[in-house]
Amino acid sequence: MKSLADLGDLRGKRVLIRCDLNVPLDGQTITDDGRIRASLPTLNSLRDAGSKIIVLAHLGRPKGEVNSKYSLAPAARRLSELIAADVKLANDVVGPSAQETVAGLGDGEIGMLENVRFEPGEESKDESDRGALADKYATLGEIFVSDGFGVVHRKQASVYDLALRLPNAAGTLVQEEVEVLKQLTENPKRPYVVVLGGAKVSDKLAVIANLIKTADTLVIGGGMVFTFLAAKGLRVGKSLLEQDQIEAVRGYLDDAEANGKQIVLPTDIIVAPEFKADAPPTVVPADAIPQDQLGLDIGPKSARAFASVIYPAKTAFWNGPMGVAEWESFAGGTRTVAEALTKIDGLSVVGGGDSAAAVRDLGFPDNAFGHISTGGGASLEYLEGKTLPGLAVLEDGGQ
Ligand code: ADP
Ligand code: MG
């Protein structure tokens with residue numbers, strides 16, 4: 001993987017940079033600008049080098065259609081505030097406005113294309129569709145820098161195919177993220193504790209098979225925990241449940257036992273009658289979840305137990321809130337786990353958009369953790385041992 005320094009003199013060069021600016025929005029307001037701030041080091045290096053910088057990024061899932069709800073305007077505005085310079089946003093992705101925006105850039109200036117996912121070619125499974133779009137991206141610049149760590153697990157036009165078409169390098173964010181993840185996969189200091197939660201159950205279950213081999217202890221909370229409780233024969237009421245994954249989870253529990261690994265599950269759960277911020281919370285034992293209620297957080301006893309498993313860790317990785325942390329009544333488990341992670345004497349890594357947003361919302365400073373990853377899915381796939389297309393292409397596919 002080349003770095004910026006390997007690209008030579010970049011003064012006056014048109015540099016296309018893929019960033020991950022997929023920030024959470026409340027209307028037009030960015031509720032966590034962490035990903036934009038994480039993109040600054042590479043952007044500032046390119047500004048200092050005097051490049052003409054063209055940012056490619058996505059926001060949400062517009063699914064190949066132009067949709068003003070997913071315009072990058074709020075991200076361009078915030079970026080422009082953070083660098084105290086104008087960031088010109090084109091009103092299309094590869095059309096006349098994009099070309100005009102690029103043509104108007106002076107050395108050290110930044111322009112941005114509209115949401116790359118407005119183009120159906122961006123996420124197409126068909127290589128020639130993606131390639132056709134990547135060809136158009138490639139006409140806009142001379143060099144490609146990959147810095148959107150949150151998307152490197154995607155084989156998409158602005159992540160993968162573009163790298164095949166231009167001389168390329170990894171940005172400092174991608175390099176830094178990979179450096180940290182290497183510490184988790186190559187000889188982690190032990191005990192190595194992994195905490196998993198959140199809502200994307202089936203996505204995350206896949207990583208567990210591999211983690212059982214590398215981590216010493218797996219701590220499970222959040223929405224996925226109910227599939228584990230169900231696998232142990234417990235009733236989970238109306239909680240999130242992936243029926244078709246119960247068998248696989250049983251397999252993980254058996255594997256863990258056979259390998260002397262510990263899987264820690266909650267013994268109490270905070271339930272409510274409906275999925276609402278102001279639904280009345282009740283603490284119940286994990287084996288007595290009422291049929292007409294759903295679990296929205298781990299209980300206080302479990303949170304303390306999780307914390308005591310986390311404290312002695314020398315390496316800890318956390319992805320996925322322990323409950324619906326956006327709502328105060330169901331944020332307690334996430335708060336306790338986050339706090340425990342800030343106190344370990346070793347490397348603590350937080351991965352995942354919602355997890356990162358949750359710790360910031362709860363008032364933890366970024367530097368309380370060893371590293372806050374900008375990529376949830378990407379970091380999980382890395383830990384799963386998968387080849388990430390957006391990294392592999394920088395290593396051997398590009399020029
Ligand atoms: P990340 O973005 O950090 O990878 P996910 O997107 O997988 O995390 O999950 C975050 C979401 O999971 C949050 O919006 C949170 O409200 C939700 N969540 C956590 N626990 C539960 C639960 N018990 N039931 C339903 N949703 C949950
Ligand atoms: Mg998420």
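Keep in mind it's a predicted model, so treat the numbers as computed, not measured. Ligands are counted one by one from 1 in listed order, and the atoms in each one are counted from 1 as well.
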Worksheet entry | Considering all heavy atoms, the nearest G121-A157 contact | O-CB, 4.1 Å
Side-chain donor-acceptor pair present, [X], [Y], cut-off under 3.5 Å:
X	Y	value
T31	D26	no
D268	S302	yes
Y252	Q245	no
T374	E177	yes

Item to complete: Please verify whether a non-hydrogen atom of F330 lies at under 4.0 Å from ligand 1.
Response: no
Look at [atom] and say which protein heavy atom is nearest, naming residue and atom and giving the distance to 0.1 Å.
atom	answer
atom 19 (C) of ligand 1	G323 O, 3.1 Å
atom 15 (C) of ligand 1	E326 OE1, 3.5 Å
atom 3 (O) of ligand 1	S355 OG, 2.5 Å
atom 27 (C) of ligand 1	V324 CG2, 3.7 Å
atom 5 (P) of ligand 1	K204 NZ, 3.6 Å
atom 25 (C) of ligand 1	F275 CE1, 3.8 Å

Practice prompt. Taking only heavy atoms of G223 into account, list the atoms of ligand 1 that are under 4.0 Å away from them.
Written response: 20 (N), 21 (C), 22 (C), 23 (N)
Discussion item. As an exercise, identify every atom of ligand 1 less than 4.0 angstrom from a heavy atom of F226.
Written reply: 23 (N)
Should [X] be counted as touching ligand 1, given the test is an N or O pair under 3.5 Å?
X	answer
A199	yes
G295	yes
D297	no

Discussion item. Would the distance check show the side chain of R35 and the main-chain N or O of N22 forming a donor-acceptor pair, the cut-off being under 3.5 Å?
Written reply: yes
Worksheet item: Within the side chain of R14, is there an N or O that forms a donor-acceptor pair under 3.5 Å with the backbone of L140?
Response: yes
Item to complete: Count the heavy atoms belonging to other residues, nucleotides or ligands that lie under 6.0 Å from CZ of R235, then report whether that count exceeds 12.
Response: no
Discussion item. If you count heavy atoms of other groups shown closer than 6.0 angstrom to NZ of K261, is the number above 12?
Written reply: yes
Discussion item. Does this structure show an ion pair linking R77 with E81, if we count only N-O contacts that are shorter than 4.0 Å?
Written reply: no
Discussion item. Is the contact between N319 and ligand 1 made by the side chain, the backbone, both, or neither, using heavy atoms and a 4.0 Å cut-off?
Written reply: side chain
Worksheet item: Which of the N/O/S atoms in D354 sits closest to the Mg ion (ligand 2)?
Response: OD2
Item to complete: Would you indicate which of D354, V271, L380 comes nearest to atom 1 (P) of ligand 1 when only heavy atoms are counted?
Response: D354
